Amino acid sequence: MASAAAAVAFVGADELSVELYASFLRSGARVRCFVPEAQADRSASAALAELSGLLRCASPAEAARDSALVIVLTDADGVDELFFGDEGIVKGLCTGASVLIRSTLLPSQLEKLEQKLAGEKKDALLLDGYIFSGLSDELKQQIVVVASGRQDVAERARQFFNGLDKTIYFAEGEFCTSSKIKLVNDLLESIHFIASVEAMYLGVRAGIHPSIIYDIISNAAGSSRIFVELVPKLLSEDPLLIDFLNSSKKNASYVMDMAKAVIFPLPLLGVAYQQLIHGSSEVTGDVSASPLMVWEASFGVNIVDAASQQIYDASKLADQLVMESKSAKRIGFIGLGAMGFGMASHLLRSGFYVVAYDVYKPTMVRFDDLGGSTKGSPEELAKDVEILIIMVANEFQADSVLYGSAGAVPVLSAGTSVILSSTVSPGFVIRLNKRLEAECRDIKLVDAPVSGGVKRAADGTLTIMASGTDEALHCAGAVLSALSEKLYIIKGGCGAASSVKMVNQLLAGVHIASAAEAMAFAARLNLRTRRLFEILQHARGYSWMFGNRVPHMLDNDYTPYSAVDIFVKDLGIVSSESSNSKIPVHVSTIAHQLFISGSASGWGRYDDAAVVKVYETLTGVKVEGKPPLLSKEDVLHSLPAEWPEDPMDDLVSVASRNSKKILVVLDDDPTGTQTVHDIEVLTEWPVEALVEQFLKLPTCFFILTNSRSMTADKAMLLVQTICRNLEAAAKNVPGVSYTVVLRGDSTLRGHFPEEADAAVSVLGEMDAWIICPFFLQGGRYTINDIHYVADSDRLIPAGETEFAKDAAFGYKSSNLRQWVEEKTRGRVSEKQVSTISINLLRKQGPNAVCQHLCSLEKGSVCIVNAASEKDMAVFASGMIQAELKGKKFLCRTAASFVSARIGIKPKPPICPNDLGLKRALTGGLIVVGSYVPKTTKQVDELRSQCGQSLRVIEVSVEMVSMKSTEDRDQEISRVVELGNAYIQSRKDSLVVTSRQLITGRTPEESLEINYKVSSALVEIVRRIDSKPRYIIAKGGITSSDIATKALEARRAKVMGQALAGVPLWQLGPESRFPGVPYIVFPGNVGDNSALAKVVRNWASPSRISTKQLLLNAEKGGYAIGAFNVYNLEGVEAVVAAAEAENSPAILQGFDSVMVDGSHLTLGENILYTKIVSSLAHAKGLLVEAELGRLSGSEDGLTVEEYEARFTDVAQAEGFIDETSIDALAVCIGNVHGKYPPSGPNLKLDLLKDLRALTLKKGVSLVLHGASGLPHELVQECIDLGVRKFNVNTEVRNSYLESLKKSGKDLIQVMSSAKEAMKAVVAEKLHLFGSAGKA
């Protein structure tokens, strides 16, 4: 913090520096200042006069005298006199003083100043500073100080700024870095200034009230901080507009000079700079006149007069429209692109009947799968729709679907409303409206362009601007409302809404291009582009597009969300309309050319952020700002050797001397038991239960709080309650003491510091908080204070991973000291955080750890570096020593700390045999709620590896979290019914939430959605009454809620791990399924195949399905015998033969259905088979159907030869398509029963054609009537693709022949008959080629 005794000097003043003066004065520092007359503007002088305690000085030397920090505000003119004059700063500088210069000097000028200062005052320490007012929500009303220079100097200066109210300090890079960052910001500000002017004048010329434009754009993708600040000054003719313009022009000139020095093209800034010069060209006397005079002459528009016209509220008009709008249920939708598909599917979910068309057929199939309807052309679709929505790419496509071949307009019913949501020119909309009016059928057009992106389209939260006649808008109001979060009604008729969209696209396109120019320029200046982006998010040069698109540039990821070609089109519209309106748009035109260049270079379909590649290709710079990937092996090998002694023995002996010191772990989800075994877990914490636990004198026990699923306030109350109960329980057990560990996520998510604050509020102040997220099994290492997440053989800083983007617990810092400052919101500064390094652990050992911990000031925060289990053991040993000396610690750690602290020995993963788990008659239950990308990959791999034996039930997150109670209950009931059925049929069942992550607008809303999803999973498991063989719960919140709420467990015992880092619990006897293994699988543990590995280890032994048998036969080129059996002996005969021959075999009707509608007409057969197929597939059964008709006798039914029909290939194709069968039994001359004396006469050419068809369709080919076929004919049929032969007659005959033999009693008869059938079956298995293939 700024010391009360410190002296701080300011040389120069403006409004921002005056605020900084005041902050130092409030901190207790002695502040002096000298303000040159040239800088003494009225507002700054007035503000200075109100500061009490400020000492005004007569010269720079007097101000600098005895000051430890001197802050200088200057420009290039007079800098030498200011520093080196007779009364210059140098004359008053004391030894070791730091000088922070905030200037307009170019880096080359700053470097000369540094050299000259070093020559005259060798011990002077110079820093370059960029100081600005924070404008982001995060840093609003804060003064941001970015200082660059020698690291030790920047860190020394930090002590003056730490603790200042309303001030944030960044130490950033080598000398001159701060000035370069300012240059990049000034580039953005200048371009945004002129783009805002051009956009406003173009919009007003189009007839839109300027205040309407401002209100809409300020909240849209075209917004920027300059736009928000500038436009009100523009519309009110604010005198400060002149200062704004002159300042921007001056700053732009410095940027242009720097670009010239480093030889870097800045086309956007170049033309913006010329416009800034032009805007300031009007003078009155010696004073610059308002630029409004210049712009009125250039654009032919008096924007101030336009602003004075009567205003209306576009959003209120929308609200009124929605209330009065007519209902419409039948919607036609043309254009299922990325945006259109989301819009159409949202309308479908909102209860509208939607029929759609798109030229891309797979998209229509997707829409059909959602329950929508599709048509083959716009003409087919347009019949009988009430509203037709057009969402195509451009004007040509819009014209084509409306008026082209098979266009929609000729068949539209009278009174139909057409909503045009494509981004097209206002002129096109106006012309289209006239054409529709000329139809004289009361077809109404609504001009309704949309903005918001793909996700918001699917969510129904778009921004929509709509214009048209009142009647047209009233007809379309309900649909527009369903699609939008923000709806604006623009007066002016068709074309007005597209004019507003055009203005937005002008700004959005320029902002993307200017972001590209700025980031490429930054790369040429050797700035760290990712760090620059983080800083500029708080500055004045920020725009919505800068914040949204620059991450794509930094990641070099141009997966298209909105393509380069979109802005070739949209800025082309701007160019065309500006030409028609005679409004020059210089900056927009240059941006348009940049996008055209990108498209011409082959990047047209890339994300629009790829316009940066134009600069990269032209200049050779690389904007990509990904941190360098570190090799895990190289990093770990570079560390010192581990501590040579095994501290575990010392640890255990030390702990035994203090045997009543118990480790109490408050686990914010159940995954904290990842590294322990034979430890108890409590899910309830009444005092009586805690007393009972303390009386057992365990080394450790866990309390499952599940607080990560709660809001911060609820989590704090919970921790306070538990700590009070612990205190009360400990008083009832003489001599017992305990240490509290707040076990949290190893990737730094959770309620910190809130839970720690809550614990301290009850337990009292601790000597230190220990922060230790190391977790070996999860690949989490802390090295040089940076927390890393291992990804294969690489180490990634935690702040760069998906975990840091968590909707509720996101963060930016990978450095744990900075993370503490970030999470405590500056209450604990980075400088105040102590560190135990790996060097200390490995070179000095446990005693040094103890000494370090004992030396900390009370209430300190200490982070622990660790890269191995030995490091953790060394730290734990030293911590126990410190506790024995009376020190009290509160620990916020991952799972590895706990096992090290209690000296637990690891043991191998537990298998079903270890628990004596016998073969069960039910399947397992896997429940997945976690949304981290790792979980999604693991689920995909599970489905890939175990798809044949696994039954997947997807829970719609939208249904259970965003829809009505009735919809939610219906979805839960559906999942429960399937879950019970699958578990009872010994199928392992995966209940998984749909993988599209739905988040709220705030962390609190995201937690509420998480709660609804988690509670739905709880209800599902609670209502599943079939006892599973095992249960796997994936994700921390999910596993906690299922254990406590669904399974009603009040306590559990950690048996060990099912896989490294995956705990396995035995639930208490009070639970719903006592004795069922409960596997707690964290969301962020293991590689992609980890979940599949656990499921395979624990899954019930499965029988291969008929479908899989046939697939295997197809791969192996053999056939499977399917045997009709009528009694137990028949079953035993087939099973015995199959086992003896190690062959697959099919017992007819076991998990397949044979549908024989061959006696029906073709249409009746199709309908009959289709119904049975639908029912059977719902139960997972294979469906075989017969087409054609076999003659002969079977099961008492006889078909005469004249009634037989061969299978027709053309009919077979339609039959397969209509019925979705899995196997087709064909007639090629085969018969039931006995063949005629002349022998079989099979049509093998027909079989060959049928084989080609079934292979194409993925259907297995089956031949009935295999009894009596010669062996060579059977082999030929197999060679031609028959994969299943149905066998009946020969097996049945062998049974009957055996019965005819006399001299046998009943037992012998049964045995003999079985053997006879077995012999026939075995012979067939060899004949079909399946022997040895099981």
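This is a predicted model, so every value here is computed, not measured. Residues: numbered from 1 along the sequence shown.
- Residue-environment remark: NZ (Lys1257) exceeds the threshold of 12 foreign heavy atoms within 6.0 Å.
- A cation-pi arrangement, defined by a distance under 6.0 Å to the six-membered ring centre and an angle within 45 degrees of its axis, is present between Lys1333 and Tyr1118.
- The shortest non-hydrogen separation linking Val1183 to Ser1173 is CG2-CA, 3.9 Å.
- Remark: Lys1243 NZ is loosely packed, at most 12 non-hydrogen atoms of other residues, nucleotides or ligands lying under 6.0 Å away.
- For the side-chain hydrogen bond (donor to acceptor under 3.5 Å, both in side chains) test, residues two or more places apart in sequence or in another chain that qualify with Lys1256 are Glu1213.
- For the pair Thr1207 (side chain) and Cys1227 (backbone), a donor-acceptor distance under 3.5 Å is present.
- Annotation: side chain of Ser1220 is not in contact with side chain of Ser1174 (no heavy-atom distance under 4.5 Å).
- For Glu977, the CD atom sits in a loose shell: 12 or fewer heavy atoms of surrounding residues, nucleotides or ligands are nearer than 6.0 Å.
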### Task
Carefully, step by step, assess Thr1289 and Asn1293 under the rule side-chain hydrogen bond (donor to acceptor under 3.5 Å, both in side chains).
CA-CA 6 Å; Thr1289 303; Asn1293 286 346; 5.7 Å; no
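- Here Arg1029 does not pair with Asp988 in a salt bridge; the nearest charged N to carboxylate O distance is not below 4.0 Å.
- Of the listed residues (Leu1047, Leu1067, Ile1031), just one forms a side-chain contact (heavy atoms from CB on, under 4.5 Å) with Val1076, and that residue is Ile1031.
- Screening residues 1312-1323 for salt bridge (Lys or Arg N to Asp or Glu O under 4.0 Å), with sequence neighbours left out, gives Glu1132-Lys1314.
- The aromatic rings of Phe1328 and Phe1285 sit parallel, their planes meeting at an angle under 30°, below the 60° perpendicular limit.
- Other residues, nucleotides and ligands contribute more than 12 heavy atoms inside 6.0 Å of the NZ atom of Lys361.
- For the atom pair CD of Glu941 and OG1 of Thr936, the computed distance is 13.5 Å after rounding to the nearest 0.5 Å.
- Tested against Val928, the residues Leu990, Ile1032, Val991 include a single side-chain contact (heavy atoms from CB on, under 4.5 Å) partner, Leu990.
- Once rounded to the nearest 0.5 Å, the distance linking OG of Ser1158 with CD of Glu1186 reads 4.0 Å.
- Scanning for salt bridge (Lys or Arg N to Asp or Glu O under 4.0 Å) contacts around Arg1251 gives Glu1114, with sequence neighbours left out.
- The side-chain hydrogen bond (donor to acceptor under 3.5 Å, both in side chains) test applied to Ser1143 returns Ser1330, not counting sequence neighbours.
- The list of salt bridge (Lys or Arg N to Asp or Glu O under 4.0 Å) pairs with a residue in residues 1162-1176, not counting sequence neighbours, reads Lys1170-Glu1218.
- Partners of Lys1248 according to the salt bridge (Lys or Arg N to Asp or Glu O under 4.0 Å) rule, which considers only residues two or more places apart in sequence or in another chain, do not exist here.
- In the model, His1177 has a side-chain atom that pairs as donor or acceptor with a side-chain atom of Asp1222 under 3.5 Å.
- By the 4.5 Å heavy-atom criterion applied to side chains, Ile1120 and Thr1106 are not counted as neighbours.
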